[in-house]
Student: 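Attaching a single structure in structure tokens format; questions to follow.
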Amino acid sequence: MVSGQTVVVTGGPTEKTHRTRWWRVHDNGGASSTISFLCVSFMLFSSIGLLYTNMMYNGNNYDSGSEGCQPDSEGSWAIGVFYGDSPFSLKPIEAMNVWENTSAAWPVANPVVTCGSVTGSGYPSNFVADPFLYLQGDVLYLFFETKNSITMQGDIGVARSMDNGASWEQMGVVLDEEWHLSYPYVFDYNGQIYMMPEGSKKGDLRLYRAVEFPLKWKLEKVILKRPLIDSFIVKYESRYWLFGSDHSRISTKKNGELEIWYSNTPFGPWKQHKKNPVYNTDKKTGARNGGRPFFYNGNMYRLGQDDGETYGKRVRVFKIEVLNPYNYKEVEVDLGFEKPTKGKNAWNGARSHHLDVQRLNSGKWIAVSDGDRTPSGDMTRRKIVGWLLILAAGSLVFVMGMLLGFVRCIVPLSWCPHSINKRSDSLLVWGRSSLLASRLRHYLSRLNRLSSVLRCKMNPKTSLGRYAFVVILIASIGLMFVGIGYIYGGSGGHESYAINHQYSQFTMLAMTYDARLWNLKWYIKHYSQCPSVREIVVVWNKGTPPDPTEFDSSVPVRIRVEEKNSLNNRFKIDPLIKTRAVLELDDDIIMSCDHIERGFKVWRENPDRLVGFYPRLVNGLGPLEYRGEKHARKFNRYNMILTGAAFMDNQAAFRRYWSEEAAAGRAVVDEFFNCEDVLMNFLYANATSSGTSVEYVKPAWTIDTSKFSRVAISENTQAHYRVRSKCLERFTTLYGGISGRMVEFRRRKDGWDQ
């Protein structure tokens, strides 16, 4: 007994029972059933989510080591090479048709240096950016920022090229300080090689000298006690000029400030320009430096970053008209760079904020540029959206529990008005003195009735209730899958697969005629977005050809009109094709760009084979009979790949098809107006002395658009198969059998031949 208080021991529940009342089961349901339902649902949906994540997003690192190329909030920057007759006519390396045999890059395509190539050399990297070239005779050195995957700090790496930038040998990290480094501006002075990296976290600007170029550097001098970022030194007329940005001042507009300093030597002392800061304005104006300045036709040009829409959106070029200690004037000029057309499917589709242009000994110009497929902050936005979608899926699971009767109380019952007189905790004391709390309790009480109302409206025992349950279940799983995709699925763009850290391109070829124009438009719009597609060639067999400008395409479209309507035209020798790889793909087949890219990777690993997506088996059991994929699956083997969806070496395959040896086979194709793909398989088998001549890649899904347009080449499947069986007999007589060339499914380590 305490003075002023009375404790009742019997006749009512204690404070503890009030706090735990909502855990009890009431009327065959209640909080305990709610908790049980939520726990079971959590485990079930978590298992489904983990399985989906492992199936869809495990091992989708296209060019990485075990430690590098991790998702990074700063982006997925890579470096590409460009060539031109001048700094204003630069084109990417793939447009120059440079071939590199050791990596099956026919032609080499950008990017040429990635986090994967750096990681593969033993230095884990999340991205590479800020490239600077240094030319030493015919040898090119590339210095760049590499973000260490372990320390999450920028270091300076270097690579070397002996073939004008077609391939790069990673030489390692050459500068690693305790603070972040980037923007490794390398230049000559008095017979020495110097590097001035950006290290503003240290609060000063430092100059390093090469002791053993390019791997060993020594701090020469701290030339300025200012945290300048993205700085360069250039000699103009009789002085050395230092351009950089200082974001440490309160009044500075980030990425919109530029300062100029001048001196008689790169070591200083440095004097400020009279109009410093020469820029302190909007970040889209290009005030922040974006690479090395260059001289062309007697003029000096400065490169600046446009950070308006997103950080590092693009590089702008400015012609410097006046530069002296008292005045500065520049005007923007057009660089002439072709903008990426494939969006996030392009390595530099979202942004590019750095460029270094230099003249080669040949008189041609070379440039290196960085690029990213996603805008700044993309990973953070994706994670926020992903978790919100997963939370929404959880809310739908809660609604399902209400429908099924497992969830009968949304909030603790002790918060509701009917239990007010039984509460003795501090919340009740606070609540009696607060009108807002009283209204809140009333609202929560009404909210608890929602489950009863919902069950009355949509009883699971009725057809409406069952339908609502199924819809909510599908919606919750769908939201969870989409949320997981936002979190683990990357940018949503498709990426190329590298071979020995190098990329390449292929040409797509489709054969069609006027009645299938609708199919073709959809086909071109979809596949032109695939990262490695360079050109789409349309073999027009019949009718009036369309104008190529009719198509919504991200790559050039060429219409090749044929005089004769023959299926042999599919493999006609075409000297205008600039890539070694050709993907023959029927215009009524739609599949994911990622699986097209997988097929291209497998072909680059096996360029002497037909690599495709539709396997068939011709065995020696009984009479020769053409059968579908189920027959191949039954025996777990295949020995043919339909060339209506297959990669091949256009030089070898097309010459083989139009050889004298294949003349009789081509006559059979014209006779039956069928079987050109079967003939190609026989020719490949004959050209291969032993082993397999085909490889299979399984697509996750395909769409047959002829079902929508109702214009199919082979509408009667059985009749189509009978004709093909006759072709098998004729080709076997002409070229011998292929039943001994069988290959098993699920034999490759990549797991793409399931």
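Computed from a prediction, not measured in an experiment: that's the story for all the values here. Both backbone and side-chain heavy atoms feed into the values below; hydrogens, waters and symmetry mates do not. Sequential numbering from 1 along the given sequence is applied to the chain's residues.
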Student: Is any NZ, NE, NH1 or NH2 atom of the basic residue among Asp753 and Arg598 found under 4.0 Å from an Asp or Glu carboxylate oxygen of the other?
Tutor: no
Student: For Arg656, what residues pass the salt bridge (charged side-chain N to carboxylate O under 4.0 Å, His left out) criterion, not counting sequence neighbours?
Tutor: none
Student: Flag the pair Asp552 and Lys521 as a salt bridge only when some basic side-chain nitrogen lies within less than 4.0 angstrom of an acidic carboxylate oxygen.
Tutor: no
Student: For the atom pair CD (Gln70) and CD1 (Ile150), what is the distance rounded to the nearest 0.5 Å?
Tutor: 10.5 Å
Student: Which pairs with one or both residues in residues 608-618 pass salt bridge (charged side-chain N to carboxylate O under 4.0 Å, His left out), sequence neighbours excluded?
Tutor: Arg609-Glu695
Student: Picking from Asp587, Ile590, Leu583, what satisfies side chain to side chain contact (heavy atoms under 4.5 Å, CB included) with Tyr527?
Tutor: Ile590
Student: Assess whether a salt bridge exists between Glu744 and Arg746, defined as any Lys/Arg side-chain N lying under 4.0 Å from an Asp/Glu carboxylate O.
Tutor: no
Student: What pairs of residues pass the side chain to side chain donor-acceptor pair (under 3.5 Å) test when at least one of them lies in residues 335-345, not counting sequence neighbours?
Tutor: Lys91-Glu338
Student: Can the ring centroids of Phe337 and Phe88 be said to lie less than 6.0 angstrom from one another?
Tutor: no
Student: Identify, with sequence neighbours excluded, every residue that meets ring-ring contact (aromatic ring centres under 6.0 Å, His included) alongside Phe571.
Tutor: Tyr657
Student: Taking atom types as modelled and ignoring hydrogens, do the side chains of Asn97 and Trp99 form a donor-acceptor contact shorter than 3.5 angstrom?
Tutor: yes
Student: Can you pull the salt bridge (charged side-chain N to carboxylate O under 4.0 Å, His left out) pairs that have at least one residue in residues 355-372, sequence neighbours excluded?
Tutor: Asp85-Lys364, Arg292-Asp356, Arg351-Asp372
Student: Quick one: pull up OG in Ser161 and CD1 in Ile366 and give me the separation to the nearest 0.5 Å.
Tutor: 7.0 Å
Student: Are any of the side-chain nitrogens in Arg516 or Asp588 under 4.0 Å away from the carboxylate oxygens of its partner?
Tutor: yes
Student: Would you mind checking if Arg534 and Glu94 are paired as a salt bridge, meaning a charged N to carboxylate O distance below 4.0 Å?
Tutor: no
Student: Sequence neighbours left out, what pairs pass side chain to side chain donor-acceptor pair (under 3.5 Å) with at least one residue falling in residues 641-655?
Tutor: Arg580-Asp649
Student: Using a strict threshold of under 4.0 Å (side-chain N to carboxylate O), is an ion pair present between Arg633 and Glu629?
Tutor: yes
